[in-house]
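Let me begin by presenting the structure, written as structure tokens, before commenting on it.
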Protein chains: 2
Amino acid sequence: MGRWEPNARGRLEQAALELYVERGYEQTPVAEITKRAGLTERTFFRHFADKREVLFAGSSMLEELCADAVAAAPATAAPMTAVAAALDAAAGVFEERGDLVGLRQSVIDANAELRERELIKLASLSGALADALRERGVDELGAWLTAEAAIAVLKVGFRRWIDGDRERPLRPLLAECFDVLRTASAQGAVGAG
Amino acid sequence: MGRWEPNARGRLEQAALELYVERGYEQTPVAEITKRAGLTERTFFRHFADKREVLFAGSSMLEELCADAVAAAPATAAPMTAVAAALDAAAGVFEERGDLVGLRQSVIDANAELRERELIKLASLSGALADALRERGVDELGAWLTAEAAIAVLKVGFRRWIDGDRERPLRPLLAECFDVLRTASAQGAVGAG
DNA sequence: CTACGCGAGGGCAGGCACTGTCATGCGGGG
DNA sequence: CCCCGCATGACAGTGCCTGCCCTCGCGTAG
């Protein structure tokens, strides 16, 4: 037994999610979160850079997971196939904890600051995917655009999953998005130039 | 002559950009901006929702421009061709004021909060493009993904333009991005499912 | 000409997010 | 037994942002 209860960080994450759900993000002062977690405000900001970040603790793990999946794809796989494998891996994580993910997303959707934070996390994920593709020898432009395309697919597919029946698997929705993107890209787009 | 100097909003925008360039965004209190513009802090927040928004005054205009371009595309044009026309129109605006755009972007790139705001503006632009595509009769999924793909192209092409020689036209860079995206989408991507 | 409302901005008080700094007490290593 | 590191507490301070009320000049109705 230490001087303090263990897992301060986890307690803060849980208290924050609960309160954000109960009262909304804006109506929840940091002091309330730390009170519920049995800690002080100062400690909150030692664990999380700001009031938003507490909702995105798992994003770095997701990044690693996706980057590893890209690296693990067969050497013969096309770039788009490699990032599809990464989204496949990510989908597994989401599907495992559908309820938690849905709750968290409802909080994010309800607040502009949180949506901003979500977008920069997705941009960071895009960067990680692009890096992983470059490691595979993909050229700069191809890596960048393939990664951004994957994020587009993730955004749209994930949204349809969240807004629909969360018992349905996410993976087929992502596959459908890849298909639609391929079809749309194939037609036209020679206009700019 | 009114009671106050005219164009308070414009003076705030200019003073803010100047100061953000001179000292950096974080090191510039709102009070400094209003001082330079000859106004009070309270007035700043009547014109702009927050300290970041003052840098993104033109984004709603850009949205309208792009949405109009999509609507104005020939009825026979494919969705991707229509959004390419929209980026074409946007590129024209950027190229006209390359210096200002470059200065503004250097400020944004230097600060995470501003990058977040930029991303949500791009997401909003994506939504506007998707709406315009739906107006053309494009189905939900196709509209969404085509719009997101266009934003991906804009992000990558714009970045290359900013980081390179800004005298070079932006449009060919965007066209190249569309090509690369089409090629990448055509290969593989059948993995998720 | 007067009265009145409206619009743009000023002034002030206050809440809350976040930071710097120092204090505190448990655990482990010498 | 001492000391040092580490996680947390305590507290003051800054800056962003808001709510509320006041001021003044202008246009307009009467």
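Computed from a predicted model, the values in this text were never measured in an experiment.
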>> Pair Gln27(B), Glu22(B) - check side-chain contact (heavy atoms from CB on, under 4.5 Å), show working.
In response: CA-CA 9 Å; Gln27(B) 279 63 48; Glu22(B) 289 172 21; over 6 Å; no
> Given Arg23(A) and Glu32(A), is the salt bridge (charged side-chain N to carboxylate O under 4.0 Å, His left out) satisfied, shown in steps?
Replying inline: CA-CA 11 Å; Arg23(A) 317 187 179 178; Glu32(A) 278 305 309; 3.3 Å; yes
>> Between Tyr25(A) and Lys51(A), does the side-chain contact (heavy atoms from CB on, under 4.5 Å) criterion hold? Intermediate values first, please.
In response: CA-CA 9 Å; Tyr25(A) 169 82; Lys51(A) 194 186 163 187; 3.7 Å; yes
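Atoms CZ (Phe45(A)) and P (dA7(D)) sit 19 Å apart, rounded to a whole Å. Between the C1' atom of dG9(C) and the CG atom of Asn7(B) lies a distance of 15 Å, rounded to the nearest Å. In this structure, OH of Tyr25(A) is placed 11 Å from C1' of dC16(C), rounded to the nearest angstrom. In this structure, Glu53(A) places its CD atom 12 Å from P of dT19(C), rounding to the nearest Å. Separating the CD atom of Glu5(A) from the C1' atom of dT8(D) is a distance of 13 Å, rounded to the nearest angstrom. Per the geometry, CD belonging to Glu41(B) stands 18 Å off C1' belonging to dA8(C), to the nearest Å. Ile33(A) places its CD1 atom 11 Å from the C1' atom of dA17(C), with the value rounded to the nearest Å. If you take CZ of Arg9(A) and C1' of dA7(D), they are 14 Å apart, rounded to a whole angstrom.
Ala8(A) comes within contact range of the sugar-phosphate backbone alone, with a heavy-atom separation under 4.0 Å but no base atom that close. Backbone-only contact: Thr28(B) has heavy atoms under 4.0 Å from sugar-phosphate atoms and none from a base. Contact annotation for Ala49(B): backbone-only contact, meaning every heavy-atom pair under 4.0 Å involves sugar-phosphate atoms and none involves a base. Within the nucleic acid shown, Arg52(B) comes within 4.0 Å of sugar-phosphate atoms alone, with no base atom in reach, counting heavy atoms only.
Side-chain proximity of Thr40(A) to dG11(C), dC18(C), dA10(D): nearest is dA10(D). If you check dA17(C), dG9(D), dG9(C) against the side chain of Pro29(A), the one that comes closest is dA17(C). Which of dT8(D), dC17(D), dG9(C) sits closest to the side chain of Trp4(B) comes down to dG9(C). With dC17(D), dA17(C), dG11(C) as the candidates, the nucleotide lying closest to the side chain of Lys51(B) is dC17(D).
The salt bridge (Lys or Arg N to Asp or Glu O under 4.0 Å) with Glu116(A) is formed by just one residue from the set Arg115(B), Arg52(B), Arg117(B); it is Arg117(B).
Contact of the Leu100(B) side chain with the Leu17(B) side chain is registered, since non-hydrogen atoms from C-beta on lie closer than 4.5 Å.
Listed pair Thr43(B) / dG9(C) fails the phosphate criterion, with no side-chain N or O lying under 4.0 Å from OP1 or OP2. His47(B) has a side-chain polar atom (N or O) that falls below the 4.0 Å cut-off from OP1 or OP2 of dG9(C).
For a distance-only test at 3.5 Å, the side chain of Arg3(A) fails to qualify as a donor-acceptor partner of the base of dG9(D). Between the base of dG7(C) and the side chain of Arg46(B) there is no donor-acceptor pair shorter than 3.5 Å.
Geometric assessment of Arg104(A) against the ring of Tyr20(A) yields a negative cation-pi assignment under the 6.0 Å and 45° thresholds.
The 5' end of DNA chain C is approached more closely, in terms of each residue's nearest nucleotide, by Val30(A) than by the other of Val30(A) and Arg42(A).
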